[in-house]
Chemist: 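Below is a structure I'd like to ask you about.
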Amino acid sequence: MNAKQFVKDKIAGIRKTIGNGTAISALSGGVDSSACTALAARAIGKQLKVIFIDDGLMREGEPQQVKKAFAKLGIKVNIVNYRKKFFAALRGKTDPEAKRRAFRNIFYKVFGKEVLKSKARFLIQGTIAADIIETKGGVKTQHNILEQIGIDPMKGYGFKVVEPVKELFKPGVRLVARELGLPEKIYNRMPFPGPGLMTRVIGEVTPRRVALVRKATCIVEEEIASLKPFQAFAVLLNDKGTGVEKGKRKFGEIIVIRSVESRDAMTAKPTPVPFNILMKISTRITAEIPSVTRVVYEITPKPPATIEYI
Ligand code: XMP
């Protein structure tokens with residue numbers, strides 16, 4: 001693809017759609033929403049308000065890192081803290097699709113609130129082609145896909161959704177992000193799902209369980225970085241495994257390490273992680289998170305598995 005031409009066309013398209021109006025961009029720091037935000041900022045400048053919803057489901061230090069990276073590009077990011085609302089919406093839910101639905105509903109509710117507050121009528125969103133294909137195909141319910149599944153956000157939520165990169169797959173989005181001058185740290189970043197660490201917590205999503213998976217994710221990312229996998233992270237299971245501490249049996253948490261190679265996330269293969277790296281991760285996780293008694297490495301491709309756990 002010709003990224004330069006794509007950017008030129010999209011900027012013109014966004015200008016035409018938004019006109020004199022104002023728009024809000026839903027920035028999560030991932031490559032998709034970052035590319036969209038940078039595109040929209042180029043297209044409509046001060047008519048764009050960039051919002052980062054802090055849902056409590058982000059990786060370590062993410063909101064601040066994103067704010068800093070965009071400040072360097074002259075784009076102001078407003079972080080709004082809705083952690084309590086997200087955890088309240090997810091309380092007691094264990095079914096994967098029920099969790100996704102709850103996330104989607106609360107996301108649009110709080111975002112709708114922010115959009116209305118700002119008087120903007122447009123929401124810029126980083127939906128990509130794989131999201132649309134998988135939601136239509138019934139693989140999952142993406143939180144950012146209302147229009148494609150026949151829900152009119154204007155009727156239900158009071159604003160119009162604009163999705164400038166919805167025809168691209170991940171590699172195309174990376175090219176666009178690079179073309180827009182985003183730092184490599186952003187355009188080459190591992191994909192991170194919109195519902196964040198929620199997709200890596202089996203069972204109920206509580207602040208304690210998310211904090212645990214966040215810490216484990218940090219260790220996995222650090223130790224596996226040199227392999228440059230497509231995606232690598234930790235998952236918290238909803239069962240306990242027996243361990244031993246000071247000669248006594250104890251039941252602890254089980255963490256799964258997931259690392260995959262893929263081009264567009266439609267299919268994936270497990271990364272052949274060297275055993276010494278796996279051992280280092282296991283040792284660090286059990287030492288740094290004492291409530292974990294077991295660490296396992298997952299070796300299922302996609303299909304039949306998906307990349308995330310819910
Ligand atoms: P799965 O788990 O379906 O994931 O194999 C494929 C790719 O999509 C990411 N993913 C999401 N991204 N919202 C997103 O923005 C979501 O709800 C979502 N669910 C999964 C996942 O990280 C992988 O890269």
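We count ligands from 1, going down the list as the structure has it; atoms in each ligand are counted the same way. Every value quoted in this text rests on a predicted model; they were computed, and no experiment measured them.
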Chemist: As a test of understanding, state which of Lys4, Met1, Lys170 forms a side-chain contact (heavy atoms from CB on, under 4.5 Å) with Leu175.
Modeler: Met1

Chemist: When you compare ligand 1 with Arg200, is there at least one nitrogen or oxygen pair between them that comes in under 3.5 angstrom?
Modeler: no

Chemist: Quick check on contacts: which atoms of ligand 1 are under 4.0 angstrom from a heavy atom of Thr306?
Modeler: 1 (P), 2 (O), 3 (O), 5 (O)

Chemist: Tell me the nearest of Gly196, Ala265, Pro193 to atom 11 (C) of ligand 1, using heavy-atom distances.
Modeler: Pro193

Chemist: Does Met266 have a heavy atom less than 4.0 Å from any atom of ligand 1?
Modeler: no

Chemist: Among Lys302, Arg258, Gln231, which one satisfies side-chain hydrogen bond (donor to acceptor under 3.5 Å, both in side chains) with Glu308?
Modeler: Gln231

Chemist: Is it the case that Glu298 and Thr300 place a side-chain donor and acceptor less than 3.5 Å from each other?
Modeler: yes

Chemist: Which heavy-atom pair separates Tyr309 from Leu237 by the least distance, and what is that distance?
Modeler: CE2-CD2, 4.2 Å

Chemist: Answer yes or no: is there a side-chain heavy-atom contact under 4.5 Å between Thr199 and Phe103?
Modeler: no

Chemist: Do the two ring centres, one from Phe111 and one from Phe107, sit under 6.0 Å apart?
Modeler: yes

Chemist: My understanding is that we take every heavy atom of each candidate and find the minimum distance to atom 23 (C) of ligand 1. Doing that for Lys302, Gln231, Arg104, Lys170, which one comes out nearest?
Modeler: Gln231

Chemist: When you compare ligand 1 with Pro191, is there at least one nitrogen or oxygen pair between them that comes in under 3.5 angstrom?
Modeler: no

Chemist: Polar contacts were defined as any N/O atom of the residue lying under 3.5 Å from an N/O atom of the ligand; does this apply to Ile307 and ligand 1?
Modeler: yes

